[in-house]
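Beneath this line is the structure, given in structure tokens, with notes to follow.
Values below: every heavy atom of this structure, side chains too, minus hydrogens, waters and symmetry copies. Residue numbers begin at 1 in each chain, while the letters A, B, ... track the order of the sequences.
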Amino acid sequence: VLREQFARFEAAHRPFAVRLRVTPDAADQRRQLYVHWLHAHAPDPDVLQLDVIWTPEFAAAGWILALDRFKPDVAGFFPAAIAANRWDGRLYALPWFVDVGMLYWRTDLMRDPPRDFGELTRVSLEARSTGATASGFVWQGARYEGLVTVFLEHLGGFGGRILDETGAIAVDSEAAVRALTFMRDSVSASGAVPPAVLTWQEEQVRFAFQNGQAALMRNWPYAYGLLQDASASRVADRFGIAPMPADPAGSPTAALGGSQLAVNARSDHPDAAYALIAYLTAPEQMLERAHIANQFPARPALYETDALTSALGFEASLARAIVERAVPRPVTPLYSQLSEILQVRLHRALTRQQEPRAALAEAAAEMRRVIARAGLDGRRSPP
Amino acid sequence: MREQQETATSLEAAESRLAWLFVLPALVTIVCVAAFPILWTFWESLHLHDLRMPWLGMPFVGWENYGEALADARAWSALGHTLAFTIMTVALELVFGLVLALGLDRKMRARGALRTAALLPWAVPTVVAALIWRFMFESPGGLADVALVRVGILTTPPTWFADPVAAWLPIVLADVWKTTPFVALLLLAGLQQIDPAVHEAAALDGAGPIRQLVDVTLPLLAPTLAVALVFRGLDAFRVFDVIYVLTGGGPGTATESISLYAFAVLFRDLRVGYGSALSMIVFAVSFVLALTWIRLLGAAREVKR
């Protein structure tokens, strides 16, 4: 997609040429590479693709340019996606596409997708006991960012949040303990989730579902198109998507992810760089991405069009319903460290090294300590 | 007479000046690639330096970062994991390396080819080797599971990388598999320095093969064993790549080594000051270990004489 879009951009913006620099797929490694470049004040690449959780960190470090002077039309984007790109009152990146956690379910094994966690367990165990699939429900359980997003979705379903209304850490709430206990018991007590997920990231999870080994899967939108490819997938046309389940105390929750585009603070051509971002985040290019890569547009207006439904291959209104429930992760330059603290404790609880309550209490205490030490408590921006 | 003496001293001085000149490139190189980075890291470790919060500047905080490390439970447990890993792998590598070296030392057909073959694991890049081991211990149904169940050692294999104890097995196996040939090579060189006449004499005196190994080969091999111990011990203490690829330090932090933790603090948290302090601790511990071992090595030499 990108190469074709670049060619059109170049044709319209001579004499500038756009060169694609390939970076690692693994998010952590890509971030490390960016840190090397940006900390060394390299003037290129001019435009950077950022994960949604990196924007405040890079902005606070002074590595990316505030975009306000280009007067971007922020009203056209999902407000949650824009909020995640703000730091200290300024906008530092524009959303390229949004990612949301969704429940993939097998239409040949159940009539409707499970709506609450009890049903989720029941359906998973049923699929196993009838021998329809080897595993029930699969999700990303390795110790990495993906685990935090899966936890966030269970947490929302049980009525909890990572930060409370005042912006304070709330991962040790009763709802959080219930959510993590449910996740752990799904793996080790009920058997609804195979223990191997504790080493799996997105792709291993997709392979399990794609090969017909699981009845339910939590994954991002990118999987949809790949699963529909009948030449590689055993479940083509036999699955659907739905919001994640929730108990009465909570509501169906999706973690908000996605890619952002930002301008390198040392870029020699910030205007041209912004022109490229404006072009790539325009409605036509977003629709094209949705069609080819199944990545959801970051502009709500597009979800009203039939063009998006035909591009995605399923009802755009369903996608919109999930995106509108999407919950952002904490917007802070300390996010990577906070997330890692949580990842370690979640993984300890899931691998039965610690009880969920103790693990979450420890995680919350350490996260609060990190925030307090940085002097960022009670404030969203630097002094 | 006096004149002669004077020329001798000036000659000596000239010689020594020339010597310094010759050593200079090596000294400059060492200062640039070893001393300078270490001093820089030490300097960083005395500051609060956090790339995520440039507005804090880079204030001097003295030993504060080291104080934090002392109170950091995760750093201590990482240090414990590293020591356990070092002791375990080095012991296994010395035993297997010795067996392999003794085997390769015997006169037999295709000895050259066998020696080359035995060295192969050492030639494989660590990351590649670790990836192969990870693939074998993949759950469920990895090669290791299938083999262990078929042989009857296990009925239900654990989810290797999700089990805080079982996760160590692939790590230790991968490291031992990879570095045993290196130890064997070192020991083989030591074995070949032993005069065959000593063995012949021992045999004449009626010493069996075991007696010969314990009373003749091992004492004569002691200096080489000590060298192997120092090399492997220091290497194992800085272990990073095997664990990074196999478990990333998980599950939780059950297999995290101190280098892995320092790396995470530096490059993930971007806390340059604290990360530098952790790196300095790794450096200091390995430096002390190296000095101790070299002392012991010298002592062993003295005893031999």
Inset, instruction - Walk me through it: do B/Thr253 and A/Arg348 pass the test side-chain contact (heavy atoms from CB on, under 4.5 Å)? - result: CA-CA 8 Å; B/Thr253 50; A/Arg348 277 190 194 153; 2.5 Å; yes

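- For the pair B/Gly252 and A/His347, the tightest heavy-atom approach, listed with the atom from each and the gap, is N-ND1, 2.8 Å.
- Side-chain contact check for B/Phe267 versus A/Arg31: every heavy-atom pair is 4.5 Å or farther apart.
- Across all their heavy atoms, B/Ala162 and A/Thr199 have their closest contact at N-CG2, 4.1 Å.
- Within the model, atoms CG of B/Leu51 and CH2 of A/Trp63 stand 5.0 Å from one another, a figure rounded to the nearest 0.5 Å.
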Inset, instruction - Under the side-chain contact (heavy atoms from CB on, under 4.5 Å) rule, what do A/Leu334 and B/Met53 come out as? Steps first, then yes or no, please. - result: CA-CA 9 Å; A/Leu334 303 173; B/Met53 290 176 277; 3.8 Å; yes

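- Summarising the local packing, CZ of B/Phe231 is surrounded by 12 or fewer heavy atoms from other residues, nucleotides or ligands at distances under 6.0 Å.
- The nearest pair of heavy atoms linking A/Ser336 to B/Arg268 is CB-O, 4.1 Å.
- A/Gln213 CD: more than 12 foreign heavy atoms inside a 6.0 Å radius.
- With respect to B/Arg74 and A/Glu366, no salt bridge is recorded, no charged nitrogen being found less than 4.0 Å from a carboxylate O.
- Applying the 6.0 Å contact sphere to CZ of B/Phe287 captures no more than 12 heavy atoms from other residues, nucleotides or ligands.
- Contact count against chain A (heavy-atom pairs under 4.5 Å) is highest for B/Pro164 among B/Gly250, B/Ala264, B/Pro158, B/Pro164.
- Closest approach of B/Tyr244 to A/Gln29, counting heavy atoms only: OH-NE2, 4.0 Å.
- A/Glu340 touches chain B through its side chain: at least one heavy atom from C-beta onward sits under 4.5 Å away, while N, CA, C and O do not.
- The environment of CE in B/Met136 is crowded: more than 12 heavy-atom neighbours from other residues, nucleotides or ligands sit within 6.0 Å.
- Annotation: side chain of B/Leu270 is not in contact with side chain of A/Gln337 (no heavy-atom distance under 4.5 Å).
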Legend entry - Criterion side-chain contact (heavy atoms from CB on, under 4.5 Å) on B/Thr247 and A/Arg143, from CA distance to verdict: CA-CA 9 Å; B/Thr247 65; A/Arg143 196 199 81 187; over 6 Å; no

